[in-house]
Asker: 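One structure follows; several queries about it will come next.
Letters A, B, ... mirror the listed sequences (proteins, then strands); counts begin at 1.
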Amino acid sequence: MKVLLIEDDRDAANYMIQALDEVGHVTHHAADGETGYAMASSMDYDVLIVDRMLPRRDGLSIIESLRAENNTTPALILSALGAVDDRVQGLRSGGDDYLTKPYAFSELLARIEVLARRASPAEAATTYQVGDLTLDRLSRNVERSGEAITLQPREFRLLEYLMKHAGQVVTRTMLLENVWDYHFDPQTNVIDVHMSRLRTKIDKGKAQQLLHTIRGAGYMIRE
Amino acid sequence: MNRIWRIWKTTTFRQSGFFVLLFVLFSVFILGYIAYQTSILIQQQQIGAIDRELGQLNRTYQRSGTPGLIRGVQRMADRPGPGIYYVADPTGQQLAGNVDQIPTFVLQTPGIHSFRYEVEEPWSTEQNDNDDERRERDKREERPDRGLALVKSFQLPSGFYLVVGRDIEERRGFSAIIFEAFGWGVLWIIILSVLLGTLLARNILRRLDMISAASKKIMTGDLAERLPLTKRNDEYDRVSKNLNEMLDRIENLMAGLKEVTDNVAHDLKTPLTRLRNKVERALQHDDDPEQMRKALQATIDESDQLIRTFNALLLIARVEAGAPDGSFEPVAIDQIIEDIVDLYQPVAEDSGIELSTDLATVPHVKASRELIGQAIVNLVENAIKYAKGAKGTPRIEIGLEQHAEYIRICVSDNGTGIPEKDRQRVLERFVRLEASRSETGSGLGLSLVSAVARLHKGTLEIKDNDPGTKVLITLPKES
């Protein structure tokens, strides 16, 4: 995956470039808004990571200009501003996701991988399949090796989101945002309890576990 | 001097000055107009009377000739009064009348004239003076024995001159009295207005001086000082009262800020110290990768908790600063509660807590869905912590009631409850009761709920559920 990182903090940028390199992503770096905009509009990237407050040109205006040029490269906005209205403003300017500083690298990684995948057209599928687990989005049937699994509506949406991003790490906050549509940070492990219930329903008594807990990051569904 | 200058500079004084000026100008105009119209009217009446007498004398002349005329004039002249009568032969020699001399221009041009004349005075050297010189001297000397005449001269067919008129000195005296009275009146008005203006301005200045003295004291740091109030409850008192309320709010905020700084120092420094200790210990175990990994994981958890506390603080600050306009939209509170129950049901079940709802149908209210959601989440998380201590089955119920003016969200549990003396205190930032010290949490949960309620113009109350706690958020239906 080819990533453009527009971030003026050298230390944070170096750390991120190194960490992305370790997981096999090529990262280009721009240290100010103008350079970042020039690079983003002249080269092809799979995903942009844009800091909101940048010297010479702010992050939101870079994304706005790119969108005005029909450049749809998915963009993740990084910001020290975390209030709900800041997030709304960020997404309205054309950003695809919003992450508040300080963040865990695992969270950032999970989000950009999901973003990069979102750009590919596979997501219109009506059925998802992971191993012998199938989910039909229209009839809302879930089967594992031909056996029907009964899910609560919310469990269905959880599984749907996980299967849509099969093979990718999905963090707890991503689940809370996408399945419940809330952006707060619960103190208790509410998501874990939901996941353990879901796991009981789809994996219990099966030789192959599909739902995996990724330590320090979140969850992933894969064969 | 300085004081007078300040009074002069007050708005009140200037305004009263302006009104006096306006009043004087207006009065001068009105009185001047009246005087002018009156003098015209009187003059017309006098000219009318003069015309009648001229006609009468003319008829006498036609009837009885020159001697009759002279007699008639003499008769009229002998009557007491302001009448002026004069008859002269074609050479200008006086034949009869009560005036010694008539200026020659009056005799030579028939018509209406006005001139000064000698009253009952013997012939003098002034006989040959021309009119201009006379007028000059009149102005200089203001001689009382000189009258002012309004006359009509007429030349008879026989060449005789006939002059009939009125002394109008009296009328001028009358006008002078009016104008004098008017002048005095205006003078008094000016004096009184200046006095009154000064008095008013001084009063206002005194009030404002009191207020500004008090505000200076406040500015130098004495936040407990308040602006003085009087019993009059006038506009100054109303303004002062508002300012005092503002000062109360500022004082509260300052106290809050100080408290927060103290608490931040404590509640952020403590975990930072722990964090530092953990890293230090990890370094000591650099020979044991497993120990080191554990210690590092612990530091991440600790820093996550710190970030959470920090975020909560920032969020409270944002909420207390007020919502940007238009960020509120109609939201279904019952839907938010159902979402949250859906989210927390599994956790509650795992802890053996019965989580139930009792939701009335309520209209949508203008609110922030995220903040209301966060507030209810905080209450539910608190309730889960407290309900664990319940005797018997722990229960949490989230209710939603509809009232005429407001809706009420009610989160109640049957747990250990909050002692009455602590119920107000728990709303403050970083306050954690002894009972919950062992649990994770920042001590900011209820502060945020309280701030969110205030942002929505609502209230937060903590009540006894006997046993347990009942927390009520009351939101106005229209905010």
Asker: Take atom CD of A/Q208 as the centre, draw a 6.0 Å sphere, and report whether it contains more than 12 heavy atoms from other residues, nucleotides or ligands.
Answerer: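 Result for CD/A/Q208: enclosed.
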Asker: Can you name the residues that form a salt bridge (Lys or Arg N to Asp or Glu O under 4.0 Å) with B/E354, not counting sequence neighbours?
Answerer: B/R395
Asker: Quick check: do A/D181 and B/R369 have side-chain heavy atoms less than 4.5 Å from each other?
Answerer: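 Side-chain contact under 4.5 Å: yes.
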Asker: To the nearest 0.5 Å, what is the distance between OH on A/Y103 and CD1 on B/I307?
Answerer: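 So the gap between those two atoms works out to 11.0 Å.
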Asker: Step through the shown structure and confirm whether more than 12 heavy atoms of other residues, nucleotides or ligands are within 6.0 Å of NZ on B/K278.
Answerer: yes
Asker: Quick one: do A/Y182 and B/V377 satisfy side-chain contact (heavy atoms from CB on, under 4.5 Å)? Show the steps, please.
Answerer: CA-CA 11 Å; A/Y182 283 101; B/V377 160; over 6 Å; no
Asker: Contact between B/D350 and A/R197 at the side-chain level, heavy atoms closer than 4.5 Å - yes or no?
Answerer: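 Yes, close enough: below the 4.5 Å cut-off.
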Asker: Measuring heavy-atom distances to chain A, does B/L343 have an atom under 4.5 Å in its side chain, in its backbone, in both, or in neither?
Answerer: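 For B/L343, heavy atoms of backbone and side chain both lie under 4.5 Å from chain A.
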Asker: Would you please name every residue forming a ring pair (Phe, Tyr, Trp, His ring centres under 6.0 Å) with A/H25, sequence neighbours left out?
Answerer: none
Asker: Sub-4.5 Å heavy-atom contacts with chain A: which residues of residues 293-303 of chain B show up?
Answerer: B/R293, B/Q297
Asker: Could you check whether any side-chain heavy atom of B/I340 comes within less than 4.5 Å of a side-chain heavy atom of A/W180, counting everything from C-beta outward?
Answerer: no
Asker: Side-chain atoms of residues 153-160 of chain A: list all donor-acceptor pairs with protein atoms under 3.5 Å, sequence neighbours left out, distances to 0.1 Å.
Answerer:
unit_1	atom_1	unit_2	atom_2	d
A/R154	NE	B/D342	OD2	2.6
A/R154	NH1	A/V179	O	3.0
A/R154	NH2	B/D339	OD1	3.2
A/E155	OE1	A/Q152	N	2.8
A/E155	OE1	A/K201	NZ	2.8
A/R157	NH2	A/V179	O	3.1
A/E160	OE2	A/R137	NE	3.0

